[in-house]
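In this chain, residues are counted from 1 in sequence order. Values below: all heavy atoms of this structure, side chains included; hydrogens, waters and symmetry mates excluded.
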Amino acid sequence: MDEGRCVGILPEGSRGAGDAAAVSSGVAWLALISGAPVVPVAVPGTRISGEHRDAIPRPGRVFHVAFDTPQTYRRLPSAPGRVSMDTAAEAIRRQLSGHVRGSVALTGRRLPAADTRDDNRLAAYPEGTDDE
């Protein structure tokens, strides 16, 4: 980052469910300390229902990479650092979550169900196809 290069961070902590329901505060801390913009990225189609979260997509899998608007976060005036960090983390989560929902709607690629027998989590997302 000191050299002005990009740094990729998975704010969910790892390959999670993909819905950005929770994010680590580390990305917020880094954004606040560095002043670097945060660019939300959604990649629908990297994992399909029934696959283990550590599964690597097979060659030929179609997925989409969608970038959202960069956002810069600043420490809140006269607020403790932890409050600024938590506030920024929640703002990042909301932006990323909305971006994921929009990307799912645009591409038709559904997020993988946490369990193949339980698609309730996907109710908020439009119907689509899971390509293998």
Which Ile, Leu, Val, Met, Phe, Trp or Tyr residues join V39 in one cluster when any pair of side-chain heavy atoms under 4.5 Å counts as a link? V41, V43, F63, V65, F67

Identify the two heavy atoms, one from T46 and one from P57, that lie closest to each other, and give their separation to 0.1 Å. O-CG, 3.2 Å

I need the minimum non-hydrogen distance between S25 and A89, along with the two atoms involved. CA-CB, 4.2 Å

If you measure from CZ on R61 to CD1 on I56, what distance do you get to the nearest 0.5 Å? 11.5 Å

Under 3.5 Å, which donor-acceptor pairs link side chains of residues 69-87 to any protein atom two or more places apart or in another chain?
{"unit_1": "Y73", "atom_1": "OH", "unit_2": "Q95", "atom_2": "OE1", "d": "3.4"}
{"unit_1": "R75", "atom_1": "NH2", "unit_2": "A79", "atom_2": "O", "d": "3.4"}
{"unit_1": "R82", "atom_1": "NE", "unit_2": "D86", "atom_2": "OD1", "d": "3.2"}
{"unit_1": "R82", "atom_1": "NE", "unit_2": "D86", "atom_2": "OD2", "d": "3.4"}
{"unit_1": "S84", "atom_1": "OG", "unit_2": "L76", "atom_2": "N", "d": "2.8"}
{"unit_1": "T87", "atom_1": "OG1", "unit_2": "V83", "atom_2": "O", "d": "2.7"}

